[in-house]
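What you see is a predicted model, and the numbers here were worked out from it, not measured in a lab. Reminder, nothing fancy here: chain letters follow the sequence lines and each chain counts from 1.
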Protein chains: 2
Amino acid sequence: MSDTNIPVRATEASDSREGCREVIPTLARIGDKWTVMVVGSLSNGPMRYNQIARLIEGISQRMLTLTLKSLEQDGLVSRTMYPTIPPRVDYELTDLGRSLIVPLRSLHSWAVEHQPAMLAAREEFAKREQQTGLRQTRFTDPK
Amino acid sequence: MSDTNIPVRATEASDSREGCREVIPTLARIGDKWTVMVVGSLSNGPMRYNQIARLIEGISQRMLTLTLKSLEQDGLVSRTMYPTIPPRVDYELTDLGRSLIVPLRSLHSWAVEHQPAMLAAREEFAKREQQTGLRQTRFTDPK
DNA sequence: CTGCATCCACCGGGATACTG
DNA sequence: CAGTATCCCGGTGGATGCAG
């Protein structure tokens, strides 16, 4: 028995491999910082445009508008306009949008739990860098 | 009864708001498509550089190298070099890296389950766009 | 085979100014 | 208040070439 070299657990292989391809588009849509921030803000209930803007602080009008619009397109956020003067617009998570909070929480847990480990790993890596840097393999002269 | 307008569930408010800030750095690191693809590929066991490259197909050397290096920095992937000729390098998920699969799965589930809903929402939105487009509010003339 | 270095095109996103 | 339109810069990432 035993073949040449391919130890793939074929059972799960395609699952994990193909599986991750499916996450990409979703991740591209909902994975950027502004989207996460906006969804996070709206998770407390409906909000007006400027409320969100002030809450997030650092986001540009442009990005807020774009983010909200794309969220609306994807059916994650609903937009309600009151044609009063001055105008008022409320944004609110849809059921779909709220359902997104679940995986987001999962990510959040992981982040909180493992952030320290990652930072530690970074520093450790930096040190190793320096050490091996002494006998660094330099092909071309540093300019 | 009923007050003016602020229905905030203050209990969870800061949690959700502050909470999402913590996810940002993590998301920035592990949230891009290449990282996800690489982690997904490695979830089946250790792999060599070119194995990954061929498996992912579409990734440039540059991006693969950069992604792997940053993953190594963060302690998510371990790198083992065999100074043979030709050289051989194995990449493998660390425990930390494997732990990442959990939230990734969560995201994957959500993606698979709600992708259709999002697509549907998109098309619906496109239609509404057209309709309201007739009485579109155009301030400046389109050049 | 594994990987760095360089050049370069693209566009994400900030600042600003203007409209309804 | 709630956006829209424009300019513009920095970073992301692809293609190529070269070295251990």
- prompt: Please, which pairs that meet salt bridge (charged side-chain N to carboxylate O under 4.0 Å, His left out) have at least one residue in residues 31-48 of chain A, sequence neighbours excluded?
  reply: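 Residue pairs passing salt bridge (charged side-chain N to carboxylate O under 4.0 Å, His left out), neighbours aside: none found.
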query: If you look only at pairs with a residue in residues 79-91 of chain B, which of them pass as a salt bridge (charged side-chain N to carboxylate O under 4.0 Å, His left out), with sequence neighbours excluded?
result: B:Arg88-B:Asp90
task: Check DNA chain D against residues 77-91 of chain B and give the residues with a non-hydrogen atom under 4.0 Å, in numerical order.
output: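 Residues of residues 77-91 of chain B under 4.0 Å from DNA chain D: B:Pro87.
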- request: Identify, with sequence neighbours excluded, every residue that meets side-chain hydrogen bond (donor to acceptor under 3.5 Å, both in side chains) alongside B:Trp110.
  value: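 A:Ser99.
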Sequence-distant partners of B:Gln115, side-chain hydrogen bond (donor to acceptor under 3.5 Å, both in side chains), two or more places apart: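 side-chain hydrogen bond (donor to acceptor under 3.5 Å, both in side chains) check on B:Gln115 returns A:Thr26.
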Non-hydrogen side-chain atoms of B:Val77 and B:Leu93 separated by less than 4.5 Å: yes
message: Taking the minimum atom-to-atom distance to the side chain of A:Asn50, which one of D:dG14, C:dT2, D:dA2 wins?
response: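 The closest nucleotide is D:dA2.
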message: Quick check for you: among C:dT2, C:dG13, D:dC1, whose closest atom lies nearest to any side-chain atom of A:Met63?
response: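 Closest of the options to the side chain of A:Met63: C:dG13.
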Per-pair distances, 0.1 Å, donor-acceptor, side chain in residues 62-71 of chain B, under 3.5 Å, sequence neighbours excluded:
from	atom 1	to	atom 2	distance (Å)
B:Thr65	OG1	B:Tyr49	OH	3.0
B:Thr65	OG1	B:Gln61	O	3.0
B:Thr67	OG1	B:Met63	O	2.6
B:Ser70	OG	B:Thr67	O	3.1

field: Within residues 23-31 of chain A: residues closer than 4.0 Å to DNA chain C (heavy atoms)
entry: none
DNA chain C contacts among residues 65-74 of chain B, heavy-atom distance under 4.0 Å: B:Thr65, B:Lys69
- prompt: Can you list the residues that meet the salt bridge (charged side-chain N to carboxylate O under 4.0 Å, His left out) rule with B:Arg122, with sequence neighbours excluded?
  reply: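 A:Asp74.
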- prompt: Listed by chain and number, what are the salt bridge (charged side-chain N to carboxylate O under 4.0 Å, His left out) partners of B:Arg98, not counting sequence neighbours?
  reply: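 Scan of B:Arg98 (salt bridge (charged side-chain N to carboxylate O under 4.0 Å, His left out), adjacent residues dropped) gives B:Asp95.
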field: Relative orientation of the end axes in the helix from C:dC1-D:dG20 to C:dG20-D:dC1, expressed as an angle to the nearest 10° (five pairs per end)
entry: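 Overall, the helix from C:dC1-D:dG20 to C:dG20-D:dC1 bends by 40° from one end axis to the other.
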Below 3.5 Å is the cut-off: list the nitrogen or oxygen pairs between protein and nucleotides 16-18 of chain C, distance only.
from	atom 1	to	atom 2	distance (Å)
C:dA17	N6	A:Gln61	OE1	3.3

